[in-house]
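Order of the sequence lines fixes the chain letters, A, B, ..., with proteins taken first and strands second; residue numbering starts at 1 for each chain.
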Number of protein chains: 2
Amino acid sequence: MTCPGSKIAALGRFVSAADVAERAGVSRSTVSRAFTPGAQVSKSARHRILAAAEELGYRVNRLARTLHQERSDLVGVVGGNFANPYISAQLDALSSALHARGLQCLLMNTARTGGDVSEDLARLLDYRVRTVVLLSGATPDELIRLCAQNGARMVLINRPHPPEGTLADLILCDSARGGRLAAERLAQAGCRKVAVVVSGSRTSAKTARADAFCAEMDRRGIPVTRWADGANSYQTGAEAARALLARPGPHLGPHIEHDGIFGVTDEIALGVLNTARFELGLSVPGDVSVIGFDDAPISGWASHGLTTIRQSLEELTRATMEAIKRPAGAPTTRFDVPVHLVERHTVG
Amino acid sequence: MTCPGSKIAALGRFVSAADVAERAGVSRSTVSRAFTPGAQVSKSARHRILAAAEELGYRVNRLARTLHQERSDLVGVVGGNFANPYISAQLDALSSALHARGLQCLLMNTARTGGDVSEDLARLLDYRVRTVVLLSGATPDELIRLCAQNGARMVLINRPHPPEGTLADLILCDSARGGRLAAERLAQAGCRKVAVVVSGSRTSAKTARADAFCAEMDRRGIPVTRWADGANSYQTGAEAARALLARPGPHLGPHIEHDGIFGVTDEIALGVLNTARFELGLSVPGDVSVIGFDDAPISGWASHGLTTIRQSLEELTRATMEAIKRPAGAPTTRFDVPVHLVERHTVG
DNA sequence: TTGTAAGCGTTATCAG
DNA sequence: CTGATAACGCTTACAA
């Protein structure tokens with residue numbers, strides 16, 4: 001730095017426009033104008049102001065700026081499991097897209113919270129977020145009401161049965177089709193007794209996937225066991241595999257065996273797959289076929305090669321951004337994200 | 001709802017304290033007091049106010065509140081690769097811990113940005129974050145200066161050579177020890193010619209891990225090839241494996257072979273591992289040993305069983321939260337996160 | 001082109 | 001216990 005007198009003076013507080021105004025010898029309004037895109041300021045004033053701001057480390061306070069505008073640049077993103085291989089990829093893509101659009105991502109992790117979820121979510125509104133995006137987890141009616149009353153938009157991702165009177169943009173991958181595709185594929189592989197592994201949660205898209213799977217199997221007269229317990233996690237898949245694929249033996253009680261398993265998320269399916277292969281010593285797809293849902297990046301890794309139902313991350317992110325970009329008063333819509341079978345090596 | 005006249009009237013804008021005051025028949029100040037923990041309000045007034053607020057869907061505007069206080073509840077979290085298996089786990093833990101502490105997480109994804117990174121990061125200050133946490137990516141001097149000038153704290157995670165005069169809390173896992181442990185383990189396995197795979201980035205902790213690894217190998221007289229190219233990704237590991245483990249043959253040019261590879265992150269190491277096993281048909285650890293760094297959750301999966309250097313996620317998160325919780329004026333410190341070898345099945 | 005003044009939704013101070 | 005009133009840092013008429 002060659003600017004004379006530019007010794008950095010840490011104020012211990014945020015630099016304000018008044019500080020800059022004083023340094024540049026203009027009024028606060030002029031400083032404001034210098035930072036407002038379409039405003040009229042003389043070249044020399046702008047130059048002095050920008051220099052002063054640079055020296056002092058001034059940045060416009062967007063919190064204060066937001067007090068004037070009806071919408072902030074804050075987008076609340078809510079989820080409960082950012083370590084999940086698909087959700088983390090989704091979050092990575094979404095946060096990147098938001099950033100590119102000049103929007104800020106206010107992240108809220110609702111998992112592992114003892115308290116009131118609806119109170120937690122409502123906290124997002126304290127920051128006047130323009131939109132709340134629900135990636136996963138519950139959708140309390142309370143939040144819906146709050147958003148509606150405050151004119152904030154909501155974007156619900158993969159929530160097949162949105163609460164009554166919801167004022168939200170819906171983004172849905174075709175769970176019914178996906179579940180059906182999974183069933184068809186296992187049937188085609190010649191499975192005679194199958195199972196579907198869902199997490200314990202009630203209202204999610206996972207249930208819809210499982211339902212469609214069961215319906216299609218029913219139609220074909222193939223018996224299906226429904227395992228619905230635990231979280232949406234690898235561990236759940238592992239536990240299910242131990243129970244559903246137990247080999248008959250003197251100490252094991254009744255003989256339970258399945259030759260095809262559908263995990264409603266890839267993480268669950270990978271838990272099933274690895275447990276079958278490495279813990280139970282089964283051949284996949286020789287002894288049992290496994291199919292998942294999502295197509296998370298790691299599912300394609302050679303260590304897994306999981307056959308799965310893909311919901312395109314690009315499409316999903318594009319649709320989410322479309323919804324977020326809608327103007328405040330626009331009517332709500334619904335975006336459908338296509339789904340298709342990705343053939344790999346875990347179904348016979 | 002049994003309240004008469006409680007029909008929800010969506011205002012299309014955020015509900016303010018003035019709205020509540022009018023409905024409850026009190027002044028704005030009293031409304032404010034009703035929402036301030038230690039304040040004095042009559043029981044009846046509080047009751048009326050809370051009821052009105054509930055009906056209208058009022059929430060205290062923390063943006064406006066922040067104008068008065070010197071610190072906000074916003075913590076900026078910056079990273080570039082949230083889909084990485086270790087970073088996503090870290091983000092999951094951190095966001096959860098922040099939430100439990102009543103702090104909000106303002107997430108910024110700096111990857112895939114064409115623009116000026118330092119300008120992007122500075123945008124966080126526009127929201128008056130009390131602290132900026134850098135999970136990964138570059139640390140522009142510009143940002144350091146800006147934070148210092150504005151009295152915002154910084155927390156630098158695994159940035160071994162912080163810029164000169166940095167006013168930041170440092171959180172460091174013992175890269176030197178980790179790199180050495182990896183080298184010792186490969187040497188112990190009898191490796192004679194090893195390689196280390198780093199991503200292309202310069203200033204990160206990954207370089208320190210690689211340096212320590214090389215130094216220890218040098219000391220032992222074991223030749224080491226350094227592959228430093230591409231991103232911190234699975235793909236980088238895969239490409240490195242193809243180059244470093246190429247079998248001799250007429251069309252391949254010089255014979256390049258290594259019997260031990262250290263990937264400076266688990267994601268890289270997993271790329272090496274899977275490519276060696278499934279694409280090159282090599283036995284791990286029979287033909288080649290592979291060791292990683294991080295101990296991401298998926299490294300422990302039976303499909304991988306990666307031997308790795310673990311940096312405890314719990315310790316890391318705890319230290320990060322400690323740093324975040326420090327009061328505004330507290331002197332900066334340094335937290336060391338221990339590191340140890342996790343023995344699994346990819347080193348002979 | 002610039003400055004003055006009002007207002008955004010809070011909280012804090014100070015009378016009453 | 002409550003209500004004016006003055007900040008907080010900014011934007012935006014309005015006036016000069």
Under 4.0 Å, heavy atoms only, any strand: does A/Arg46 hit a base, just the sugar-phosphate, or nothing? nothing
Assess the side chains of B/Asp92 and A/Asn81: does a donor N or O sit below 3.5 Å from an acceptor N or O? no
Summary of salt bridge (charged side-chain N to carboxylate O under 4.0 Å, His left out) pairs that have at least one residue in residues 38-53 of chain B, sequence neighbours excluded: none
Mapping B/Arg33 and A/Asn61 onto DNA chain D by nearest heavy atom, which one lands closer to the 5' end? B/Arg33
Strictly by modelled atom types, are A/Gln69 and A/Arg65 linked by a side-chain donor-acceptor pair under 3.5 Å? no
When you match B/Val26 and A/Phe35 each to their closest nucleotide on DNA chain D, which lands nearer the 5' end? B/Val26
How about CD on A/Glu22, more than 12 heavy atoms from neighbouring residues, nucleotides or ligands closer than 6.0 Å, or not? no
Side chains of A/Asn61 and B/Asp126, donor plus acceptor under 3.5 Å: no
Distances under 3.5 Å only, N/O to N/O: pair up the protein atoms with those of nucleotides 5-8 of chain C.
residue	atom	partner	partner atom	Å
C/dG7	N2	A/His68	ND1	3.3
C/dG7	N2	A/His68	NE2	2.2
C/dC8	O2	A/His68	NE2	3.1

Is there a side-chain contact between B/Tyr127 and the phosphate of D/dG9, meaning an N or O under 4.0 Å from OP1 or OP2? no
DNA chain C contacts among residues 36-45 of chain A, heavy-atom distance under 4.0 Å: A/Gln40, A/Val41, A/Ser42, A/Ala45
Under-4.0 Å salt bridge between B/Glu54 and B/Arg23: no
Base, sugar-phosphate, or nothing for A/Arg128, non-hydrogen atoms under 4.0 angstrom? sugar-phosphate
Note down the inter-axis angle between the two ends of the helix from C/dT1-D/dA16 to C/dG16-D/dC1, five pairs each, to the nearest 10°. 40°
Think B/Ser32 has a side-chain N or O under 4.0 angstrom from the OP1 or OP2 of C/dT11? yes
Taking OP1 and OP2 of D/dT2, is either one under 4.0 Å from a side-chain nitrogen or oxygen of B/Ser27? no
Nearest-Å distance, CG (A/Asn150) to P (C/dG9)? 12 Å
Could you list the residues that satisfy side chain to side chain donor-acceptor pair (under 3.5 Å) with A/Arg153, not counting sequence neighbours? A/Asp169
Only one of B/Val78, B/Leu94, B/Leu135 forms a side chain to side chain contact (heavy atoms under 4.5 Å, CB included) with B/Ile157, so which one is it? B/Leu135
Compile the donor-acceptor pairs under 3.5 Å between side chains in residues 27-36 of chain B and protein atoms, sequence neighbours left out, one pair per line.
residue	atom	partner	partner atom	Å
B/Ser27	OG	B/Thr30	N	3.4
B/Ser27	OG	B/Thr30	OG1	3.1
B/Thr36	OG1	B/Ser32	O	2.9

Atom pair distance, as rounded to whole Å: CZ in A/Arg59 and P in D/dC10: 12 Å
Go through the steps to decide whether A/Asp19 and A/Tyr58 satisfy the test side chain to side chain contact (heavy atoms under 4.5 Å, CB included), and finish with yes or no. CA-CA 8 Å; A/Asp19 299 323; A/Tyr58 168 74; over 6 Å; no
